Asker: 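Quick one: the structure is below, and I'll ask about it shortly.
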Amino acid sequence: MAAGTAAAAARRGERADCQTVEAHHTGEDTGLFPWLAERHRQLAGFFRRPEEEHRDIERTRTRIAGLIRGGGDQAAVREELEALSRELLAHLDREEAERLPVLRALAA
């Protein structure tokens, strides 16, 4: 595979991954979280942190896209990708440790 073709494929993959994450977070923020908070008022504040994390992740993703579109230097793109990876992993760790047990208890 030629270098240009590989780079284009990587960009398409990154876009698809980001679109998937964005759709997932949007679904939670505009659908699941409000729906649960309406039915379980004691949880209204519980969803603030994940919503803030979603906004932080989106800001980082937007910076990455801007760097790539603007032909940003590779080191800056790499730093932002590493930051995004840390943010996503921490977010997923908190989801598993804090949110999933609560959601499972609601479903029981």
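The analysis underlying the following values was restricted to heavy atoms, covering all of them including side chains, and did not include hydrogens, waters or symmetry mates. This structure is a prediction, so every number in the text was calculated from the model and none was measured. If you read the sequence from its start, that first residue is 1, and numbering goes on from there.
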Asker: Would you mind reporting whether His91 and His54 have side-chain heavy atoms less than 4.5 Å apart?
Answerer: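 SC-SC contact between His54 and His91 confirmed.
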Asker: Just jot down the salt bridge (charged side-chain N to carboxylate O under 4.0 Å, His left out) partners of Glu53, sequence neighbours excluded, or say none.
Answerer: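 For Glu53, the residues satisfying salt bridge (charged side-chain N to carboxylate O under 4.0 Å, His left out) (neighbours in sequence not counted) are Arg49, Arg94, Arg99.
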Asker: If you apply the rule side chain to side chain donor-acceptor pair (under 3.5 Å), what do you find for Thr60 with Arg63, and how did you get there?
Answerer: CA-CA 5 Å; Thr60 303; Arg63 282 194 306 274; 3.1 Å; yes
Asker: Are Glu95 and Glu28 close enough, and set up right, to give a side-chain contact (heavy atoms from CB on, under 4.5 Å), and what steps lead you there?
Answerer: CA-CA 12 Å; Glu95 257 185 14; Glu28 287 180 336; 3.5 Å; yes
Asker: Return the minimal non-hydrogen interatomic distance between Ala37 and Ala44, and the atom names on each side.
Answerer: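 Between these two residues, the closest heavy atoms are CB-CA, 4.0 Å.
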Asker: Assess whether a salt bridge exists between Glu58 and Arg61, defined as any Lys/Arg side-chain N lying under 4.0 Å from an Asp/Glu carboxylate O.
Answerer: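 Salt bridge between Glu58 and Arg61, a charged N being under 4.0 Å from a carboxylate O: yes.
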Asker: In this structure, would Phe47 and Val21 fall into the same cluster of hydrophobic residues linked by side-chain contacts under 4.5 Å?
Answerer: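 No, Phe47 and Val21 fall in different hydrophobic clusters.
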Asker: Between CG of Leu100 and CZ of Arg104, what distance do you get to the nearest 0.5 Å?
Answerer: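 Taking CG in Leu100 and CZ in Arg104, the distance rounds to 5.0 Å.
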Asker: Do Leu84 and Glu80 have side-chain heavy atoms sitting under 4.5 Å apart?
Answerer: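 No, too far: nothing below the 4.5 Å cut-off.
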Asker: Establish whether Val102 and Leu32 are linked, either directly or via other cluster members, by ILVMFWY side-chain heavy-atom contacts under 4.5 Å.
Answerer: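 Val102 and Leu32: one cluster.
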Asker: Please name the pair of heavy atoms, one in Ala75 and one in Asp73, separated by the smallest distance, quoted to 0.1 Å.
Answerer: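 Scanning both residues, the minimum pair turns out to be N-OD1, 2.9 Å.
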Asker: So which heavy atom on Asp29 is nearest to which on Glu51, and how close?
Answerer: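 Taking every non-hydrogen atom into account, OD1-CG, 3.3 Å.
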Asker: Please give me the minimum heavy-atom distance between Ile57 and His25, naming the atom from each residue.
Answerer: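 What the structure gives for the nearest pair is CD1-CE1, 3.8 Å.
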Asker: Distance check, rounded to the nearest 0.5 Å: Leu81 atom CG versus Arg86 atom CZ?
Answerer: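 One finds 10.5 Å between CG of Leu81 and CZ of Arg86.
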